[in-house]
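Remarks on the structure that follows.
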Amino acid sequence: MQNFTFKNPTEILFGKGTIAKIGSRIPADKPVLLLYGGGSIKRNGVYDQVRAALRNHPALHEFGGVEANPLFETCMQAVELVKGQKIGFILAVGGGSVLDAAKFIAAAVNYDGDPWGILQAHGQGLKSALPIGTVLTLPATGSEANGNSVISRRETQEKLAFGSPLVFPVFSVLDPETTFTLPRKQVRNGIVDSFMHVMEQYMTYPSQAPLQDRFAEGVVQTLIETGPVTLDNPQDYESRAAFMWSATLALNMLIGAGVPQDWSTHGIGHELTAFYGLDHAETLAIILPGVWRHQFARKKEKLEQYGRRVWGVDTAEQAIAKTEEFLKSLGMPVRLADYKIDVKEAAGKIRARFAERGTKLGEHGDIGPEQVAEIVLGRA
Ligand code: NZQ
Ligand code: ZN
């Protein structure tokens with residue numbers, strides 16, 4: 001096991017009716033910004049629950065319209081509001097995009113220089129951020145209990161991530177009932193994104209971390225069991241609750257402590273969203289099997305372990321086939337052709353991006369532009 005530091009400061013308020021608890025956790029002596037997305041929270045009653053919980057707060061401001069794959073340009077409008085109103089706390093209510101936007105806004109407010117620099121430096125050197133709390137309405141990203149944020153820039157078609165211990169939420173409300181109104185496609189995306197988060201921290205090479213392996217396998221087994229149930233029965237509280245908690249545990253730092261990590265599927269996937277607008281999870285389902293095939297020899301031992309323990313199959317090849325079958329069973333395409341994307345063009349554009357940035361991906365840090373292009377070409 002590798003050395004690690006583990007700290008997760010986020011308080012989780014899980015279960016029915018827990019939005020009512022936020023009032024006591026939000027400072028009453030500072031103006032608060034309620035940040036939300038395109039309006040789903042107004043249609044499903046979450047907004048009303050939040051307003052009721054904060055009815056006695058003397059200075060509540062709002063900013064709506066954060067888009068899926070939140071834009072830098074939109075976040076910067078919110079930064080102006082935060083500065084103008086001397087906001088001291090941001091409450092993000094929505095999916096991962098709203099939470100990520102809140103983290104970026106919180107970091108940008110007191111940042112010296114162009115805040116895009118926060119993303120270019122991936123959060124290194126960040127000195128301060130406003131505190132944030134969240135009410136999560138979409139289980140998927142794990143943003144509710146981590147220090148990561150992913151922001152896109154329309155102008156340059158870029159999508160970059162940053163991470164900092166300063167932007168872990170102070171608290172996050174996870175009430176499964178707030179997710180009952182999710183469209184089937186978003187539930188599918190959430191199951192797939194959570195599954196991928198586990199795999200990025202697990203599918204590398206054996207590293208003498210038996211507990212982390214069992215945790216990871218437990219999370220994916222739960223997703224495989226409860227995913228299809230919650231997809232078909234959106235109002236079934238218990239399966240939705242199990243899915244919601246799995247999504248948080250998939251990326252709250254626990255399963256990744258002390259183990260090698262990959263993240264190349266996410267790295268390549270972000271480029272597919274930036275260039276072609278695919279949903280985050282859609283990109284991952286295309287790329288993951290490609291990464292596994294490309295890195296087959298190096299991941300073989302772990303693929304075999306996963307195949308044996310999770311799917312009851314004997315070979316690494318069968319483990320990949322089972323995974324693709326699972327993704328497809330959720331209604332998730334696994335090929336670029338399903339989106340009518342020209343594979344050569346995509347490989348070329350993404351190769352150029354990685355060459356320009358000098359990024360290297362993978363648990364060995366040696367997946368460069370050429371390998372990335374090969375992976376993409378394999379996903380026609
Ligand atoms: O905008 P509104 O109207 O709220 O609608 C949203 C949005 O259209 C809707 N929605 C959310 N909750 C709902 C609901 N509709 C009905 N009922 C509800 N209860 O769902 C749509 C998608 O929302 P979004 O927040 O974009 O989805 P998700 O949570 O999948 O977040 C995706 C973003 O997170 C980033 C992705 O790259 C992408 O930008 N990620 C963040 C990570 C992190 N912070 O750790 C890790 C991930 O790997 C990922 O990269
Ligand atoms: Zn993800």
Side-chain angles (χ1 to χ4, degrees), residues 10 19 35-47 49 63-72 74-75 92-104 119 123 132 134-153 158-164 167-169 172-201 234-235 240 244 247-248 250-253 256 261-274 277-285 287-288:
T10 305
I19 292 176
L35 187 76
Y36 61 94
S40 68
I41 65 162
K42 294 215 165 153
R43 292 187 292 274
N44 63 12
V46 171
Y47 175 84
Q49 289 187 57
F63 186 97
V66 173
E67 46 288 282
N69 303 309
L71 290 177
F72 172 73
T74 307
C75 291
V93 185
S97 292
V98 176
L99 275 55
D100 283 7
K103 292 175 180 180
F104 179 70
L119 291 149
I132 67 171
T134 89
V135 175
L136 182 72
T137 64
L138 199 179
T141 60
S143 190
E144 65 277 12
N146 69 38
N148 304 331
S149 161
V150 191
I151 301 294
S152 299
R153 191 163 189 168
E158 284 175 284
K159 184 172 186 186
L160 296 180
F162 84 97
S164 167
V167 296
F168 272 78
S172 285
V173 171
L174 278 65
D175 177 346
E177 290 190 328
T178 65
T179 75
F180 285 178
T181 52
L182 280 168
R184 188 178 171 95
K185 185 182 182 202
Q186 295 299 340
V187 178
R188 175 203 72 170
N189 284 356
I191 298 164
V192 171
D193 194 19
S194 311
F195 180 91
M196 298 292 167
H197 293 157
V198 177
M199 287 305 160
E200 299 276 34
Q201 301 165 88
Q235 312 253 342
R240 185 56 57 91
M244 196 170 202
T248 302
L251 195 49
N252 74 340
M253 309 294 129
Q261 303 192 12
D262 183 345
W263 295 103
S264 47
T265 296
H266 272 69
I268 302 169
H270 286 336
E271 298 305 324
L272 284 176
T273 299
L278 265 56
D279 289 353
H280 173 62
E282 292 174 337
T283 70
L284 307 175
I287 299 299
L288 178 92

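Indexing begins at 1, ligand by ligand and atom by atom, following the structure's order. Worth saying up front: this structure is predicted, and the values here are computed from it rather than measured. Only this structure's heavy atoms are used, side chains among them; waters, hydrogens and symmetry mates stay out.
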Taking both backbone and side-chain atoms of K103, is any N or O found less than 3.5 Å from an N or O belonging to ligand 1?
no
Looking only at protein heavy atoms, what sits closest to atom 23 (O) of ligand 1 is L138 CD1, 3.4 Å
Assess whether side-chain contact (heavy atoms from CB on, under 4.5 Å) is satisfied between T283 and H270, documenting all intermediate values.
CA-CA 7 Å; T283 70; H270 286 336; 5.9 Å; no
Counting from 1, what ligand 1 atoms have a heavy atom of N44 closer than 4.0 Å?
17 (N), 18 (C), 19 (N)
Polar side-chain atom of T248 near backbone of G142 as donor-acceptor pair, under 3.5 Å:
no
Given L71, V66, N69, which has its nearest heavy atom closest to atom 38 (C) of ligand 1?
N69
Any side-chain heavy-atom pair of P234 and V187 under 4.5 Å
no
For D100, is the nearest heavy atom under 4.0 Å from an atom of ligand 1?
yes
Subset of ligand 1 atoms that lie under 4.0 Å from at least one heavy atom of A68:
26 (O)
Which option, G65, S40, A101, owns the non-hydrogen atom nearest atom 3 (O) of ligand 1?
S40
Name the one of I19, L136, V93, N44 that satisfies side chain to side chain contact (heavy atoms under 4.5 Å, CB included) with T178?
I19
Do T179 and R240 get their side chains close enough for a donor-acceptor pair, meaning under 3.5 Å?
yes
Mutual orientation of the aromatic rings belonging to F104 and F162 [parallel < 30°, tilted 30-60°, perpendicular > 60°]:
perpendicular
Looking at H197, pick out the N, O or S atom nearest to the Zn ion (ligand 2) and give its name.
NE2
Are I41 and ligand 1 in contact, using a heavy-atom cut-off of under 4.0 Å?
no
Indicate the atoms forming the closest heavy-atom contact of V192 with A285, along with that distance.
CG1-CB, 4.3 Å
Atoms of ligand 1 close to G37 [distance to a heavy atom under 4.0 angstrom, numbered from 1]
1 (O)
Considering heavy atoms of the protein only, find what lies nearest to atom 13 (C) of ligand 1 and give residue, atom and distance to 0.1 Å.
L182 CD2, 3.2 Å
So the angle subtended at the Zn ion (ligand 2) by H280 atom NE2 and H266 atom NE2, rounded to 10 degrees, is 100°
Work out whether the distance between some heavy atom of H270 and some atom of ligand 1 is less than 4.0 Å.
yes
Considering all heavy atoms of both residues, which atom of T74 and which atom of G65 are nearest to each other, and what is their separation?
CG2-O, 4.0 Å
Of all protein heavy atoms, the one nearest atom 45 (O) of ligand 1 is N146 ND2, 3.0 Å
Which ligand 1 atoms are under 4.0 Å away from a heavy-atom of G96?
25 (O), 28 (P), 29 (O), 31 (O)
Between V66 and V98, what is the shortest heavy-atom contact and its length?
CG1-CA, 4.0 Å
Proximal atoms of ligand 1 relative to T181 (non-hydrogen, under 4.0 Å):
16 (C), 17 (N), 18 (C), 19 (N)
May I ask you to decide if N69's main-chain N or O and K159's side chain share a donor-acceptor pair within less than 3.5 Å?
no
So is E67 close enough to ligand 1, meaning a heavy atom under 4.0 angstrom away?
no
Atom 19 (N) of ligand 1: which protein heavy atom is closest, and how many Å away?
T178 O, 2.9 Å
I need the minimum non-hydrogen distance between A140 and G190, along with the two atoms involved.
CB-CA, 3.5 Å
To which protein heavy atom is atom 49 (C) of ligand 1 closest, and what is the distance rounded to 0.1 Å?
H280 NE2, 3.3 Å
Give the numbers and elements of all ligand 1 atoms closer than 4.0 Å to a heavy atom of D193.
47 (C), 48 (O)
Do you see a protein non-hydrogen atom under 4.0 Å from atom 7 (C) of ligand 1?
no
closest protein heavy atom to atom 25 (O) of ligand 1 is S97 N, 2.9 Å
For atom 12 (N) of ligand 1, which protein heavy atom lies nearest, and how many Å away is it?
T137 OG1, 2.8 Å
Looking only at N, O or S atoms, which one in D193 sits nearest to the Zn ion (ligand 2)?
OD1
Among protein heavy atoms, which sits nearest to atom 30 (O) of ligand 1, and what does the distance come to when rounded to 0.1 Å?
A140 CB, 3.9 Å
Taking every non-hydrogen atom, the tightest pair across T141 and G96
OG1-CA, 3.6 Å
Interfacing atoms of ligand 1 (cut-off 4.0 Å, heavy-atom, K159):
36 (C), 37 (O), 38 (C), 39 (O)
Closest to atom 34 (O) of ligand 1 (judged by heavy-atom distance), picking from D279, T141, I151, V93
T141
Checking D100 side chain against V150 main chain: does a donor-acceptor pair fall under 3.5 Å?
yes
Is there a nitrogen or oxygen of N148 sitting under 3.5 Å from a nitrogen or oxygen of ligand 1?
yes
Below 4.0 angstrom from a heavy atom of H266, which ligand 1 atoms are there? Numbered from 1 as shown, please.
48 (O)
Work out which heavy atom in S97 is nearest to a heavy atom in E67; give both atom names and the distance.
CB-O, 3.5 Å
Is the backbone N or O of P169 less than 3.5 Å from a side-chain atom of T10, with the two atoms forming a donor-acceptor pair by type?
yes
Look at the side chain of Q186 and the backbone N and O of L138, then say whether any donor-acceptor pair between them is shorter than 3.5 Å.
no
Does some non-hydrogen atom of G39 fall short of 4.0 Å from ligand 1?
yes
Side-chain (N146) to main-chain (L251) donor-acceptor, under 3.5 angstrom
yes
Heavy-atom nearest neighbour of atom 2 (P) of ligand 1 within options A281, P70, G38
G38
Under 3.5 Å donor-acceptor, E200 side chain and H266 backbone:
yes
